[in-house]
Amino acid sequence: MKQLIQRITTQEDLNFLLTNRIPRITLTRFIGWWSQIKNPIIRDLSIGVWKLFSDLDLSEARKTKFDSMHDCFIRELKPGARSIDMRTHILSSPCDAIVGECGNIDHTQVFQAKGFPYSLTSLMGFTPRTGELVESLKNGTYVTLRLTSSMYHRFHAPADATLTHVTHIAGDTWNVNPIALKRVEQLFCKNERAVLNFKLDDGTPMIMVPVAAILVASLQLHAVNLLFHVDYIGPNEIPCAIQTYKGQELGWFQHGSTILVFLPKGYKLAEGIATGQRIKMGQALLEKIAQ
């Protein structure tokens with residue numbers, strides 16, 4: 001059965017139809033409700049179906065039993081399951097992921113897939129702060145990190161830094177898999193997302209943009225104690241001044257999604273970082289170029 005499902009889902013046209021040409025937000029609301037039902041039968045059935053569609057491996061999870069599918073999605077890892085690269089010139093990966101498009105920012109444009117560009121301005125929203133923010137990243141470096149549904153869903157600080165501002169941008173819940181990225185123009189600019197503005201300890205700006213996706217599409221951000229989701233109606237501009245430390249947990253996604261990381265000139269991809277590469281939270285992702 002699992003092999004049959006995998007053969008079906010690798011057919012691009014069918015995959016796109018089944019995961020996008022559906023009532024995305026309605027289904028997202030439903031799964032958000034269903035996943036939190038604390039019933040052993042529903043929990044076991046849901047996790048069993050999930051395993052059919054993914055390579056879910058719970059051997060690293062701190063807990064051995066879960067209250068609900070939601071509890072399993074946002075699972076913590078056993079102590080020591082990940083190590084953090086603590087070298088001061090290195091920014092570590094904020095999450096487990098598959099590396100998507102990455103490399104140099106072309107003026108203020110990047111790519112979600114080959115032939116599918118998007119602008120930093122469209123991604124970060126048309127606010128009074130956006131122009132200055134985008135200007136600071138011109139010709140810098142970026143990395144796209146895609147989390148699949150089976151991965152560890154919590155994300156962490158890549159470096160010691162101060163979180164100075166959060167912008168929540170409401171939007172759609174398109175799938176963010178490679179098939180959708182090759183078909184939906186400016187997909188990241190359409191989906192619900194949060195723009196996290198950091199200042200590294202030396203004053204360098206670092207932007208992280210967690211992008212939600214189909215199904216649960218919720219983002220818990222510990223620093224401002226908020227849960228962003230498709231029905232969120234709270235403040236969308238949240239100034240703050242919160243110190244974070246490399247490896248510190250910042251929040252979690254429910255289901256799979258994407259984190260985009262942007263830095264100005266003076267940084268490059270760490271050794272081995274390339275499109276298609278699997279990476280674990282804490283591994284070297286970007287590094288400061290020696291002057």
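Quick note: residue numbers are just sequence positions, from 1. Computed over heavy atoms, backbone and side chain alike; hydrogens, waters and symmetry mates excluded.
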Taking C-beta and beyond as the side chain, do Ser54 and Thr148 meet within less than 4.5 Å on heavy atoms?
no
Mind listing the closest non-hydrogen atom pair of Val261 and Pro94 along with its distance?
CG2-CG, 4.4 Å
What class does the angle between the rings of Trp50 and Phe73 fall in, given that below 30° is parallel, 30 to 60° is tilted and above 60° is perpendicular?
tilted
Thr167 side chain to Glu237 side chain, donor-acceptor N/O pair below 3.5 angstrom:
yes
Applying the 4.5 Å side-chain criterion to the ILVMFWY set and letting contacts propagate, would Met69 and Ile214 be lumped into a single cluster?
yes
Side-chain (Asn39) to main-chain (Ile42) donor-acceptor, under 3.5 angstrom
yes
What's the separation between atom CZ in Arg29 and atom CD1 in Ile31, rounded to the nearest 0.5 Å?
13.5 Å
Answer yes if the side chains of Ser150 and Asp55 hold a donor-acceptor pair under 3.5 Å, and no otherwise.
yes
Kindly give the heavy-atom pair with the smallest separation between Lys246 and Ser92, and that separation in Å.
CG-OG, 3.8 Å
Audit row: Arg87, Glu287, salt bridge (charged side-chain N to carboxylate O under 4.0 Å, His left out) steps and yes/no:
CA-CA 9 Å; Arg87 289 177 291 174; Glu287 62 177 286; over 6 Å; no
Determine the minimum heavy-atom distance between Val176 and Ala213, stating which atoms define it.
CG2-CB, 3.9 Å
One should read off an interatomic distance between Asn104 CG and Lys265 NZ, to the nearest 0.5 angstrom, of 11.0 Å
Is it true that a side-chain atom of Arg129 and a backbone atom of Thr127 form a donor plus acceptor pair closer than 3.5 Å?
no
Please assess Asp202 against Lys288 for the test salt bridge (charged side-chain N to carboxylate O under 4.0 Å, His left out), listing each intermediate value before the final yes or no.
CA-CA 12 Å; Asp202 64 0; Lys288 190 172 186 178; 2.9 Å; yes
From CD1 (Ile273) to SG (Cys102), nearest 0.5 Å:
7.5 Å
Is any side-chain heavy atom of Arg154 less than 4.5 Å from a side-chain heavy atom of Ile74?
yes
Is the shortest heavy-atom distance from the side chain of Leu260 to the side chain of Leu145 under 4.5 Å?
no
Between the side chains of His168 and Glu192, does any donor sit under 3.5 Å from an acceptor?
yes
Side chains of Ile259 and Val209: does their closest heavy-atom pair fall under 4.5 Å?
no
Pairwise side-chain contact, Lys190 with Val184, heavy-atom cut-off 4.5 Å (strictly under)
yes
Distance check, rounded to the nearest 0.5 Å: Leu56 atom CG versus Cys72 atom SG?
5.5 Å
Restricting to non-hydrogen atoms, name the atom on Met124 and the atom on Val195 that form the minimum distance, rounded to 0.1 Å.
CA-CG2, 3.9 Å
Would a hydrophobic clustering, with Ile, Leu, Val, Met, Phe, Trp and Tyr connected at side-chain separations under 4.5 Å, put Leu250 with Tyr152?
no
For the CG atom of Leu181 and the CZ atom of Arg183, what is their distance to the nearest 0.5 Å?
11.5 Å
Going by atom types alone, do His156 and Gln248 pair a side-chain donor with an acceptor below 3.5 Å?
no
Going only through I, L, V, M, F, W and Y residues with side-chain contacts under 4.5 Å, is there a path from Tyr245 to Phe155?
no
Looking only at heavy atoms, which two atoms of Leu147 and Met151 are closest? And how far apart?
CA-SD, 3.8 Å
ring-ring contact (aromatic ring centres under 6.0 Å, His included) with His70: of Trp252, Phe253, Trp33, only one passes, and it is Trp252
Using the side chain to side chain contact (heavy atoms under 4.5 Å, CB included) rule, pick out the option among Ile238, Asn236, Ile242 that qualifies with Val166.
Ile238
Does the side chain of Gln243 pick up a donor-acceptor pair with the side chain of Thr162 at under 3.5 Å?
yes
If only atom types and distance count, is the side chain of Thr141 paired as donor or acceptor with the main-chain N or O of Tyr267 below 3.5 Å?
yes
Using a 3.5 Å distance criterion without hydrogens, assess whether the side chain of Gln186 forms a donor-acceptor pair with backbone atoms of Tyr118.
no
Under a 4.5 Å cut-off applied to non-hydrogen side-chain atoms, are Gln220 and His222 in contact?
yes
Hey, quick one: are Ile90 and Met206 part of the same hydrophobic cluster, counting side-chain heavy atoms closer than 4.5 Å, chains of contacts allowed?
no
Asn197 side-chain N/O to Thr164 backbone N/O, donor-acceptor pair under 3.5 Å
no
So, taking the atom named CZ in Phe198 and the one named CG in Leu91, what distance separates them when rounded to the nearest 0.5 Å?
10.5 Å
Spell out, yes or no, whether Leu137 and Ile169 are grouped together once hydrophobic residues are joined by side-chain heavy atoms under 4.5 Å, including indirect joins.
yes
State, to 0.1 Å, how close Ile84 and Met281 come at their nearest heavy-atom pair, and which atoms those are.
CD1-SD, 3.5 Å
Does Asp71 offer a backbone N or O that forms a donor-acceptor pair with the side chain of Arg75 under 3.5 Å?
no
With side chains defined as the heavy atoms from C-beta onward, is the minimum distance between Glu76 and Lys63 less than 4.5 Å?
no
Test item: His229 side-chain N/O and Asp231 main-chain N/O as donor-acceptor pair under 3.5 Å
yes
